[in-house]
Amino acid sequence: MYQKFETTPFSSFRQQYFNNLREQSCLLPALEELCGGWTQETLKSILQKLTKKNQAPLPLFFDSSQAMDSISNKKQALATVFQQFDSRGIGRIDATELFSVMLLLSTGEISQIFYNIAVIFGSDKTNHITSDEFFFFIDCLFRGISKVLVCKGETKPINLNKRLNDQDINKFIQQIFKGQQKVNKDELYASVKQSQQLFEFIEYISTSMQASMEYTRQQSLLMMKITMEVKKLMAQMLSQIDGTAKK
């Protein structure tokens, strides 16, 4: 039997995650490997590939890790991420959950991230994002972060299959859109700042994700440097042994 989502109030999400993410590395390791070095421009180019340069809509789901090949050639990381996002065991993952998480972890200013949220989740035919479209993004984001974030004292994500309740999303929508049906994509960042708790939460999550990605990148570079130094030392030792043997 498939697992159901647990509907959760924002206060519980905030208590669980805000200022409580594991230091240095707070993300699913396979996701850090998959998206290592990504910027907002990297993500946009990948989404362009998925949409055949905006000639097709973004996929709403992936039914296998092989279907995600356009995202990366890191097959093992793709397989692990697919398995993690298929936390309900239904044999497919919600692509929009994955994209919403990727938006926050890809390096970029928070204002740029909100603009890209409006571009990706808003209608292609207008310069606006509607309240319904932003509602959908928030729902996707909270479902997504529950699958990838690691809290202090934990070694892996533990709050799978949680989603933010409709009442709190609607409260945020009212604060941001103020009764209007849509806002200009360029104005989404300023509009979301009017919902202080939501803005602070998203900013903290994004900043922590990006710091986690950078820490993992630096650790990888350090390991590469150590490996090169070890190989160099071994070559020197073998050369010395060879020289001694010839004497």
Side-chain angles (χ1 to χ4, degrees), residues 2-10 12-14 16-17 21 26-35 38 40 42-44 46-47 49-51 57-72 74 77-106 108 113-114 116-122 129 132-151 156-166 168-169 172-173 192 198 201-202 204-206 208-210 212-213:
Y2 300 144
Q3 297 184 41
K4 294 183 179 180
F5 281 108
E6 177 186 344
T7 302
T8 306
F10 178 72
S12 295
F13 270 100
R14 183 180 173 87
Q16 181 66 44
Y17 296 115
L21 294 181
C26 66
L27 280 167
L28 181 75
L31 190 62
E32 292 177 332
E33 179 185 353
L34 180 65
C35 306
W38 283 18
Q40 291 294 308
T42 308
L43 177 59
K44 284 170 66 177
I46 290 169
L47 297 181
K49 188 189 303 183
L50 285 167
T51 61
L58 276 172
L60 295 178
F61 67 89
F62 295 112
D63 58 10
S64 69
S65 60
Q66 290 77 21
M68 301 163 65
D69 282 349
S70 294
I71 295 176
S72 173
K74 299 175 181 177
L78 284 172
T80 304
V81 168
F82 180 87
Q83 182 179 22
Q84 182 73 7
F85 273 78
D86 185 24
S87 55
R88 295 191 296 148
I90 60 177
R92 67 176 184 272
I93 68 171
D94 188 327
T96 54
E97 289 180 10
L98 181 61
F99 297 149
S100 65
V101 168
M102 287 175 166
L103 271 163
L104 265 62
L105 64 81
S106 298
I113 291 171
F114 275 108
N116 287 339
I117 289 169
V119 169
I120 293 167
F121 283 82
I129 182 170
D132 287 343
E133 289 165 343
F134 193 69
F135 184 108
F136 180 60
F137 164 74
I138 293 298
D139 183 36
C140 295
L141 175 65
F142 278 78
R143 283 186 277 124
I145 63 174
S146 74
K147 295 176 171 67
V148 302
L149 290 179
V150 182
C151 295
K156 61 182 181 180
I158 60 171
N159 294 302
L160 308 184
N161 302 322
K162 288 183 180 292
R163 73 188 309 167
L164 186 58
N165 66 32
D166 288 356
D168 281 335
I169 301 179
F172 294 140
I173 293 298
V192 176
L198 179 65
F201 185 81
I202 292 177
Y204 168 72
I205 297 298
S206 180
S208 299
M209 284 181 168
Q210 291 186 34
S212 181
M213 296 294 294

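Between Phe137 and Ile120 there is no side-chain heavy-atom pair separated by less than 4.5 Å. Side-chain contact between Asp139 and Asp166: absent, with no pair of heavy atoms (C-beta onward) separated by less than 4.5 Å.
Taking the six-membered ring for Trp, Phe142 and Phe201 have ring centres closer than 6.0 Å.
In the displayed structure, Arg14 atom CZ is contacted under 6.0 Å by more than 12 heavy atoms of other residues, nucleotides or ligands. Other residues, nucleotides and ligands place no more than 12 heavy atoms under 6.0 Å from the CZ atom of Phe61.
Nearest heavy atoms, Leu160 versus Ser87: CD1-CB, 4.0 Å. Closest approach of Glu32 and Cys26 over heavy atoms only: OE2-N, 4.3 Å. The shortest heavy-atom contact between Ile173 and Phe135 is CD1-N, 3.8 Å. When all heavy atoms of Asp94 and Arg143 are compared, the pair lying nearest together is OD2-NH1, 2.9 Å. Residues Ile113 and Ser206 approach most closely at CD1-OG, 3.3 Å, considering heavy atoms. The shortest heavy-atom contact between Ser212 and Leu27 is OG-N, 3.7 Å.
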- Task: For Phe10 and Phe13, run ring pair (Phe, Tyr, Trp, His ring centres under 6.0 Å): C-alpha distance rounded to whole Å, both residues' side-chain angles, the deciding distance at 0.1 Å, then the answer.
- Result: CA-CA 5 Å; Phe10 178 72; Phe13 270 100; 7.7 Å; no
- Item | side-chain hydrogen bond (donor to acceptor under 3.5 Å, both in side chains) between Ser12 and Gln16, worked out | CA-CA 6 Å; Ser12 295; Gln16 181 66 44; over 6 Å; no
- Query: So Ile71 and Leu50, side chain to side chain contact (heavy atoms under 4.5 Å, CB included) or not? Walk me through it.
  - Reply: CA-CA 8 Å; Ile71 295 176; Leu50 285 167; 4.3 Å; yes
- Task: Take Ser100 and Phe136 through the side chain to side chain contact (heavy atoms under 4.5 Å, CB included) test and state the conclusion after the steps.
- Result: CA-CA 10 Å; Ser100 65; Phe136 180 60; over 6 Å; no
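Taken from CG in Leu141 to OG in Ser146, the straight-line distance is 10.0 Å, to the nearest 0.5 Å. Remark: Leu103 CG to Thr96 OG1 distance equals 11.0 Å, nearest 0.5 Å. The distance from the CD1 atom of Ile129 to the CZ atom of Phe121 is 8.5 Å, given to the nearest 0.5 Å. The CG atom of Leu43 sits 8.5 Å away from the CZ atom of Phe99 when rounded to the nearest 0.5 Å. Remark: Arg92 CZ to Phe85 CZ distance equals 15.5 Å, nearest 0.5 Å.
The closest side-chain donor-acceptor pair between Thr80 and Gln84, if any, does not fall under 3.5 angstrom.
Checked by atom type and distance alone, the side chain of Asp86 pairs as donor or acceptor with a backbone atom of Gly91 at under 3.5 Å. Distance alone, capped at 3.5 Å, is enough to place a donor-acceptor pair between the Ser106 side chain and the Met102 backbone. Looking at Glu6, its side chain never comes within 3.5 Å of a backbone N or O of Asn161 through a donor-acceptor pair.
Exactly one residue among Met68, Glu33, Gln83, Gln66 makes a side-chain contact (heavy atoms from CB on, under 4.5 Å) with Leu78. That residue is Met68.
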